[in-house]
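Scroll down for the structure; my scribbles are underneath it.
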Amino acid sequence: MMGRLAAWFRERFPVGEFRAALYRQARKPLPRHVSWWHTFGSLALFLLANQVVTGVLLMVYYRPTPEAAFESLRYVTVHATFGWLIRGLHTWGAHLLVVVLVLHMLRTFLMGAFKKPRELTWVVGVTIFATVLGFAFTGSLLPWNQLAYWATTVGTEVAGAVPLLGDGLKLLLRGGEGVSEETLARFYVVHVVVLPWVVVALVGLHLFLVRLQGITPREPVGSETPLTPATSIPFWPDHVLKELTVFPLFLLALVSLVVLLPPEVGERADPLRTPEGVKPEWYFLPTYQLLKYFPKLAGLLVVQIPILLLLLWPFLDRTAARRPRGRPVSVAIGVAALALAVFFGLLGFLSERTVTVGGAAVHFDTYGIPRQAEPGPAPPPGG
Ligand code: HEM
């Protein structure tokens, strides 16, 4: 019976050809130097799958209206079976995905993997990164708590500063004057329908290009030698086993974060009450801080420079060398850009905060400049 069923299926679907193609892909040779650093790409894929699975599960209970959004997420977090875990995996998974993507970009940058003929792989990668940040931005409104509401109010306000298009762009994002149920509906649709399709298409193209061109060798551009059994390892089992080691370790880290630092429900959004100290997520902090030092329009232009540089880097660094030692200027610019992003991110985090340094209270003003904190009100007598 089973044999006849298999024969029937084989007549209608080319099982043999499919299996052969799969085998070719599995045995595809990789350069011998491929290491643990080369697992960040597949780790990003793993985390992306986590976002899809947990996102679909969250949609079962989530209701995208101002009346129900906050309560529905509170229900998921407090009452639904394993709801806290699903929501935590989705929230923390988003943070880890950004971290892993930065590490993946750093590895491909340092190893000169963006150079000829992989310029398009890099450009598609940068577009994926921007799409992931779009996911983060649209997703952050969905809990409809105070932080979500006011961070989106500030974020969409920035769009209003774009010359000529600003007002139209802000209206397009918000669907009205302020952040309202129209905004929530738009962000929801973009988050659960539009961006998922965009990311699936882009990641598909990215992986197709990676497979087509193979992993970057160490030799300079133009001096690559074909891989031989002596200079290569097979994708399966050598590299896949590394990936299968990294996935559970990351899952463990992810679950630990969810258990130790579960995402909060917060306070329901109140459009009439602006809370103090609203700040964007850590990955938007460098942009948030940088925008403060410039008039609106100039700020918008300045923050676009790093994105443009990132996108165009394969066409700017055209030297043949791949190893960092062979292209010190390019690597120095990359490291300086990363250091500046961390520096402005830190300033953004500290701004408008009072911290205690060596027993003394220091207040960081909105520009991140430290000043001695004003003494607080005197304690009540006897208190
Ligand atoms: C969800 C997003 C992404 C996924 C799933 C992904 C996946 C992958 C995978 C599996 C590889 C092969 C091995 C490796 O890990 O290095 C790879 C290679 C590559 N990726 Fe990504 N990637 C993503 C985002 C990015 C981003 C943001 C960039 C850069 C801006 C980028 C640039 C590259 C380049 C240049 C290569 C070629 C590496 C080489 O030939 O050595 N990728 N990617």
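These figures come from a predicted structure and were not determined experimentally. Scope of the values below: all heavy atoms of this structure, side chains included, with no hydrogens, waters or symmetry mates. Remember, it's 1-based here, ligands and their atoms both numbered in the order they're listed.
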Q. Which of the numbered atoms in ligand 1 are below 4.0 angstrom from a heavy atom of Ala113?
A. 35 (C), 38 (C), 39 (C), 41 (O)
(Q) Has Arg322 got a side-chain atom pairing as donor or acceptor with Glu219's backbone, closer than 3.5 angstrom? (A) yes
Q: Of the side chain and backbone of Thr216, name the one, both, or neither that has a heavy atom under 4.0 Å from an atom of ligand 1.
A: both
Q. How are the rings of Phe137 and Phe284 set to each other: parallel, tilted or perpendicular (split at 30° and 60°)?
A. perpendicular
Q: Could you tell me whether the side chain of Thr319 reaches within less than 4.5 Å of the side chain of Ser330, counting heavy atoms only?
A: no
Q: Check ring pair (Phe, Tyr, Trp, His ring centres under 6.0 Å) between Tyr288 and all other residues, then give those that pass, not counting sequence neighbours.
A: none
Q. For Phe9, is the NZ or CZ atom of Arg12 found under 6.0 angstrom from the centre of its six-membered ring and inside 45 degrees of the ring axis?
A. no
Q. Which bit of Ile215 is near ligand 1, meaning a heavy atom under 4.0 Å away: side chain, backbone, both or neither?
A. both
Q: Would you mind telling me if ligand 1 is within reach of the side chain of Thr108, the backbone, both or neither, using heavy atoms under 4.0 Å?
A: side chain
Q: Identify the protein heavy atom lying closest to atom 12 (C) of ligand 1, giving its residue, its atom name and the separation to 0.1 Å.
A: Val210 CG1, 3.5 Å
Q | Under 4.0 Å to a heavy atom of Arg118 - the qualifying atoms of ligand 1, by number | A | 40 (O)
Q.
Strictly below 4.0 Å, N to O, side chains only: are Glu67 and Arg268 in salt-bridge contact?
A. no
Q: Look at atom 32 (C) of ligand 1 and find which of His206, Met105, Arg211 reaches it with the closest heavy atom.
A: His206
(Q) Which of the numbered atoms in ligand 1 are under 4.0 angstrom from any heavy atom belonging to Arg107? (A) 14 (C), 16 (O), 38 (C), 39 (C), 41 (O)
Q. Between His104 and ligand 1, which part of the residue brings a heavy atom under 4.0 Å of the ligand: side chain, backbone, both or neither?
A. side chain
Q. Hey, what's the ring geometry for Tyr188 with Tyr62, parallel, tilted or perpendicular (30° and 60° as the breaks)?
A. tilted
Q: Determine yes or no for a side-chain-to-main-chain donor-acceptor pair under 3.5 angstrom, with Arg174 supplying the side chain and Glu177 the backbone.
A: yes
Q.
Please determine whether any non-hydrogen atom of Leu43 lies less than 4.0 Å from an atom of ligand 1.
A. no
Q: Look only at interatomic distance and state if Gly41 has a nitrogen or oxygen under 3.5 Å from any nitrogen or oxygen of ligand 1.
A: yes
**Q.** Side chain, backbone, both or neither: Leu97 near ligand 1, heavy atoms under 4.0 Å
**A.** neither
Q. So His95 and Tyr283, would you call those rings parallel, tilted or perpendicular, with 30° and 60° as cut-offs?
A. tilted
Q.
Is the positively charged end of Arg327 above the ring of Phe109, judged by distance under 6.0 angstrom from the centroid and angle within 45° of the axis?
A. yes
Q: Below 4.0 angstrom from a heavy atom of Ile128, which ligand 1 atoms are there? Numbered from 1 as shown, please.
A: 1 (C), 2 (C)
Q | Residue selection (non-hydrogen contact nearest atom 28 (C) of ligand 1) among Pro314, Pro217, Gly125 | A | Gly125
Q: Check whether any side-chain heavy atom of Val99 lies under 4.5 Å from a side-chain heavy atom of Trp282, and answer yes or no.
A: yes
Q: For Leu101, counting its heavy atoms only, list the atoms of ligand 1 lying under 4.0 Å from any of them.
A: 1 (C), 2 (C), 3 (C), 23 (C), 24 (C)
Q) How does Val126 reach ligand 1, if at all, at less than 4.0 Å between non-hydrogen atoms: by side chain, backbone, both, or neither? A) both
Q: Report yes if some N/O of His38 lies less than 3.5 Å from some N/O of ligand 1; otherwise report no.
A: yes
Q: Check each atom of ligand 1 against the heavy atoms of Ser42 and keep those under 4.0 Å away; list them by number with element.
A: 10 (C)
